[in-house]
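I have placed the structure first, in the form of structure tokens, so that the comments after it can refer back to it.
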Amino acid sequence: MSARLDSTLVDEAVLTVRGLTVDLPKGMERVHAVENISFDLQRGQILCIIGESGSGKSVTANTVMGLLPKIFRVSSGSIHLDETSLVGAPAKTLQDMRGRAVSMIFQDPLSALNPLMTVGDQITEGLAAHGVGTKTSRRDRALELLNEVGLPDPDLMYFQYPFRLSGGQRQRVMIAMALALEPQVLIADEPTTALDVTTQAQILKLIKEIQRRKGMSVMFITHDFGVVAEIADSVVVMEKGRIVEHGSAEQVLKSPAHPYTKRLIAAVPRLTGEDRNPSAEVSNATILKVDGLAKTYRSGSALFGSQRVVPAVNDVSFELAHGRTLGIVGESGSGKSSVGKLLVKLQESDDGQILFEGHDIAKLTEQSFRPLRPHIQMIFQDPFASLNPRSTIGHILTVGPVAHGTPYKQAREEARALLSHVGLDAGAFGRYPHEFSGGQRQRVGIARALMFKPKLLIADEAVSALDVSIQAQILKLLDQIQRETGVSMIFITHDLRVASQICDEIAVMQKGRIVEQGPPSQIFLNPQSAYTRELVAAIPGERPADVRANAAIH
């Protein structure tokens, strides 16, 4: 780590937080978003602030930046950047500080970047706002930054719009913008949460290299202890607005003192290289057979020569036995989610067969497929977007079965029983989606899928946006449901650690094709494809040698 390269940097705080308390609006479940927290960010070090959703870590970062929403109020405490007090500072002081002294990388670059402005204009806008350079020198600086963050062809990238870039490229643009004025402190708020493992590894490596080269201090916010193991010098653990543990990365990772820290570390999915033990009811009979599945997306105009052709799914074939789980893993753009949408006929395939219990559903019209639809259900990645905000949970759960002929009284009783089964109380029936946490909404999504008593569940990144402890609960719930009902599952994910916890077999996809398929022991301990080896090597906090050692222990 950079802090170990120069001993003069150690124990010299560039950012000091003392007794900070931020109040929540009245009527909330908690009084304080953060309560009496104190910590230092040392010069030239990376401090990771880790905790679950609602722990106060992002509120802390936004308070430092002076970007706290007006409904929040700093009731006590201080924040100093060197000798400058930031709490209650005039708007002009905070405006001058942002970008020049402290910069921030946001979690979702697509929402943080202006879709109507080119990449170049967004980088130079910050320089112009601070009165830096001429139009020509600002353009040169933007090109230099695009090259520094590893984006291909900076001259072309300068004129691109954010929606034309991949998630990893957009995050690199955000990093370039944050570095434009060479700040002392860089705050990174969950910058790799939504990225696949190889892109995540690239971004983490990039942040470490830039931090080391420029001697910056970095406050890195995350809920992933794998990320902490990769980059942290020191760690602050937050729970419900309070700091429950603070120490060096080595101490917190190897000898955590607080029960909450221990629970978080225990909840992180691990690569063990072990094959899953199926339930006794598992049959070898095939419920789903996919053969030569293909889907190509086309956009633009063929007439004017501007058509863009993307082969998303290319000659994909696999089989799934009753009561088993097949994981489909790969990077963004690999085609894994497209396969899921084709299986439930949210999209129509161009070629190939989808044999569900002997019926080729790929060839069926929507009217012919309708009687089979209850047997194939999907759990979506974002439960908040997939749940109608104007409907109660009870209506969300019962409307589908009632439309398929189930009497309402029976559907209501089954819905209440299912809510209890997925760990929600009876009162959830009359509440609305916004009244639940992310993990609770995902449980509602699972209950909705189970209302039809499906034979096949397709989970599309169903736990990727959840905290590790909630993620562990949902994975345990899915495993329990499968063992109780015998439902078969397709589990789509970009996280190989998650796949190793729940899948009997794993198919690795790259650029629309399956490049390798086998049990977890093969995929993680003896991968045959170079691409699979790259994915395993890129997992934060995991090393192939560690995986083999864990497998040997078990």
Side-chain angles (χ1 to χ4, degrees), residues 152 166-168 192 195-205 226 230 269-276 286 288-296 310-321 324-343 351-352 354 458-461 464 489-552:
S166 69
T192 63
L195 303 178
D196 50 63
V197 287
T198 51
T199 306
Q200 181 184 57
Q202 293 167 10
I203 296 299
L204 292 177
K205 182 180 179 182
E230 288 289 321
R270 302 287 184 189
L271 288 179
T272 64
E274 290 184 300
D275 293 335
R276 186 167 171 250
T286 298
L288 180 70
K289 182 178 180 181
V290 174
D291 187 23
L293 193 62
K295 178 67 178 180
T296 298
V310 179
V313 180
N314 192 350
D315 193 25
V316 165
S317 301
F318 59 82
E319 293 186 17
L320 176 65
R324 304 281 279 178
T325 299
L326 171 68
I328 302 180
V329 303
E331 298 172 286
S332 299
S334 63
K336 58 187 187 299
S337 289
S338 292
V339 169
K341 291 173 183 175
L342 295 175
L343 295 180
D351 197 9
I354 304 173
I458 298 169
D460 186 10
E461 298 280 12
S464 63
M489 277 198 287
I490 300 286
F491 194 90
I492 298 166
T493 181
H494 67 257
D495 191 332
L496 274 72
R497 295 174 301 179
V498 169
S500 73
Q501 302 292 305
I502 196 169
C503 299
D504 300 294
E505 194 159 324
I506 296 172
V508 181
M509 287 193 70
Q510 180 188 30
K511 297 179 180 177
R513 293 180 178 271
I514 292 178
V515 297
E516 185 168 357
Q517 185 172 340
S521 57
Q522 173 195 315
I523 298 299
F524 301 127
L525 300 182
N526 188 30
Q528 304 301 300
S529 163
Y531 176 69
T532 307
R533 290 194 289 272
E534 289 175 14
L535 288 182
V536 174
I539 298 171
E542 298 280 358
R543 296 291 179 269
D546 298 331
V547 178
R548 285 190 287 271
N550 286 335

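Not measured: the values here are computed from a predicted model.
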Sequence neighbours left out, what passes side chain to side chain contact (heavy atoms under 4.5 Å, CB included) with [X]? Give chain and number order.
{"X": "K341", "value": "L346, Q347"}
{"X": "A201", "value": "A538"}
{"X": "N526", "value": "Q528"}
{"X": "S338", "value": "Y297, A312, V313"}

Is the closest side-chain heavy-atom distance between [X] and [Y] below 4.5 Å?
{"X": "L288", "Y": "F318", "result": "yes"}
{"X": "V339", "Y": "I492", "result": "no"}
{"X": "V290", "Y": "L343", "result": "yes"}
{"X": "R497", "Y": "V197", "result": "no"}

Can you sort out the partners of [X] under side-chain hydrogen bond (donor to acceptor under 3.5 Å, both in side chains), two or more places apart, ordered by chain and number?
{"X": "E319", "value": "T286"}
{"X": "T493", "value": "none"}
{"X": "S521", "value": "D275"}
{"X": "S334", "value": "none"}

Taking only distance into account, with no hydrogens and no angle test, what donor-acceptor pairs under 3.5 Å do side-chain atoms of residues 506-513 form with protein atoms, sequence neighbours excluded?
none

Please round to the nearest 0.5 Å and tell me the distance separating atom CD1 of I539 and atom OG of S500.
7.5 Å

Expected output: side-chain [X] to main-chain [Y] donor-acceptor under 3.5 Å:
{"X": "K336", "Y": "G330", "answer": "yes"}
{"X": "D504", "Y": "T325", "answer": "yes"}
{"X": "Q501", "Y": "P269", "answer": "no"}
{"X": "E505", "Y": "Q517", "answer": "no"}

Applying salt bridge (Lys or Arg N to Asp or Glu O under 4.0 Å), can you list everything that pairs with D460, at least two apart in sequence or on another chain?
none

